[in-house]
Structure formats: structure tokens, C-alpha cells
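Notes follow once the structure below has been shown.
Since this is a predicted model, take the numbers as computed values, not measurements.
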Amino acid sequence: MAMSLTVSELTARTGVDVLEHLERETAIPVLDGLQAQGDLIVVPFALLTGVIVPGFGWREVPSGGIEVIRGAAGANPHVLVADPGVCRWTNRVNDPEGLALGCLDTTGPAYLLHPEHGGSGIAPGRYLVRRQRETTTRSGHAYVALIAD
């Protein structure tokens, strides 16, 4: 995998197409910090406390990707994509907040692809992938909690 792929390259590998208005030929930045893609957030493991990931249950992320989660009514998957042998994924995570979908370890760039949001690049390291949590305050104002630690 090149240091940075385009949305077009990711859609060709996964078969997941993106909405027409998204730029397909721009290189996707590969980031090593906190990042969000729609209703998911990718959190560097070093920022977390209390999360436990066992040493078993990992699987290699194939070139065609792994579906991390699918949206309501079976639409719009978030797909984790990487070169074979570069990234592994497990959904066996003990997250005290109950928001974790899984954990990824990657030694090279990995990518999340989503039809509505396009692609986001993940630098080498270990990350927890969580759902957002919408909360309402006593005054009735809604906000989104991306990290609950």
C-alpha cells in the first residue's frame, strides 16, 4: 500500500462506493491522533485508561477490508482496509464505557472507508474504534461525547 491512497483506490479494493460529491482522487491524509468518521471515533490507545484487549481473538485485515460496523437498516458500512500482514483487528475489547467496536494494531497505514464520509487514514500504532454517544444535558442541550475517558 502506498503511504497515502485515494478514495478511488479504496473503493476499487473494497467494492464500497462513495457518494458522488466526494473527491475521489485526492490523497487521504494518514493521521496518528484522535479522529472521527461520521458516528465513529478512532482513539490512540495511549489516550485510554481501563480498556483491556486480550491477546487472543485477533484477525488479519485483508486487502479487501473488514466491515467494522454497518449503519441503520443495513446501509453504509465503515470498512477497515490495509495491506495483508500490516493490520490486525479484534472486537474482543473490555471497554468500561461500553462504546468500543474493536481495536486495531497496524504497522503501516490503515484506512476507514464510508460511503458518506469518504476515507480517513490511520498511522501505525494501536487504536480503539468507538461509537459516538449523544447525551442531553439538564438544560435540554444535546452534545456528542466522543471520548468518555
Side-chain angles (χ1 to χ4, degrees), residues 1-49 51-55 57-95 97-135 142-149:
M1 189 178 298
M3 282 309 289
S4 188
L5 295 179
T6 65
V7 170
S8 179
E9 291 169 316
L10 289 179
T11 60
R13 286 175 70 164
T14 63
V16 174
D17 202 8
V18 297
L19 296 180
E20 214 171 282
H21 71 278
L22 294 172
E23 176 58 48
R24 288 174 167 73
E25 298 307 324
T26 301
I28 301 167
V30 176
L31 307 173
D32 64 358
L34 187 66
Q35 55 183 302
Q37 185 187 72
D39 56 354
L40 295 187
I41 183 153
V42 179
V43 184
F45 212 77
L47 298 178
L48 301 166
T49 56
V51 176
I52 299 170
V53 181
W58 291 90
R59 59 186 171 150
E60 185 177 313
V61 175
S63 182
I66 288 177
E67 192 173 293
V68 173
I69 190 170
R70 186 171 282 272
N76 298 330
H78 290 269
V79 179
L80 178 63
V81 184
D83 276 342
V86 169
C87 184
R88 61 188 189 139
W89 167 263
T90 184
N91 57 7
R92 295 176 188 249
V93 177
N94 183 353
D95 177 15
E97 301 300 328
L99 300 173
L101 295 170
C103 182
L104 67 100
D105 267 325
T106 187
T107 58
Y111 296 87
L112 278 173
L113 180 64
H114 186 271
E116 293 177 346
H117 308 296
S120 57
I122 304 166
R126 178 178 271 196
Y127 300 85
L128 189 71
V129 178
R130 280 182 168 164
R131 303 172 203 249
Q132 294 186 115
R133 176 174 52 200
E134 293 189 28
T135 306
Y143 69 95
V144 176
L146 295 175
I147 303 178
D149 284 350

Holding to salt bridge (Lys or Arg N to Asp or Glu O under 4.0 Å), I want the full list of residues that pass it with R126, two or more places apart in sequence or in another chain. D105
Looking only at heavy atoms, the pair that brings V61 and G65 closest together is CG1-CA, 4.4 Å
Compare every heavy atom of L40 with every heavy atom of R131, then report the nearest pair and how far apart it is. CA-CD2, 4.5 Å
Please identify each residue that fulfils side-chain contact (heavy atoms from CB on, under 4.5 Å) with T107, with sequence neighbours left out. V86
Those residues at least two apart in sequence (or on a different chain) that pass side-chain contact (heavy atoms from CB on, under 4.5 Å) with P54 are F56, R92
Kindly indicate whether the side chain of R59, heavy atoms from C-beta on, has any atom under 4.5 Å from the side chain of I66. yes
State whether the side chain of Q35 and the backbone N or O of S120 hold a donor-acceptor pair below 3.5 Å, judged by distance alone. no
In short, G33 meets P44 closest at the heavy-atom pair C-CG, 3.7 Å
Looking at residues at least two apart in the chain, or sitting in another chain, which of them share a salt bridge (Lys or Arg N to Asp or Glu O under 4.0 Å) with E60? none
How about V51 and R130: do any of their side-chain heavy atoms sit closer than 4.5 Å? yes
Go through the structure and list residues passing side-chain contact (heavy atoms from CB on, under 4.5 Å) with A123, not counting sequence neighbours. V30, D32, Y127
In this structure, CZ of F45 is separated from CG of L104 (nearest 0.5 Å) by 10.5 Å
Taking the side chain as everything from C-beta on, heavy atoms only, tell me whether I28 gets closer than 4.5 Å to E9. no
Would you mind reporting whether L80 and C87 have side-chain heavy atoms less than 4.5 Å apart? yes
How many angstroms lie between CG in L99 and CD1 in I41, if you round to the nearest 0.5 Å? 10.0 Å
Sorted by chain and number, sequence neighbours left out, side-chain hydrogen bond (donor to acceptor under 3.5 Å, both in side chains) with T90 holds for none
Atom pair CG (L128) and CG (L48), whose distance is rounded to the nearest 0.5 Å: 5.5 Å
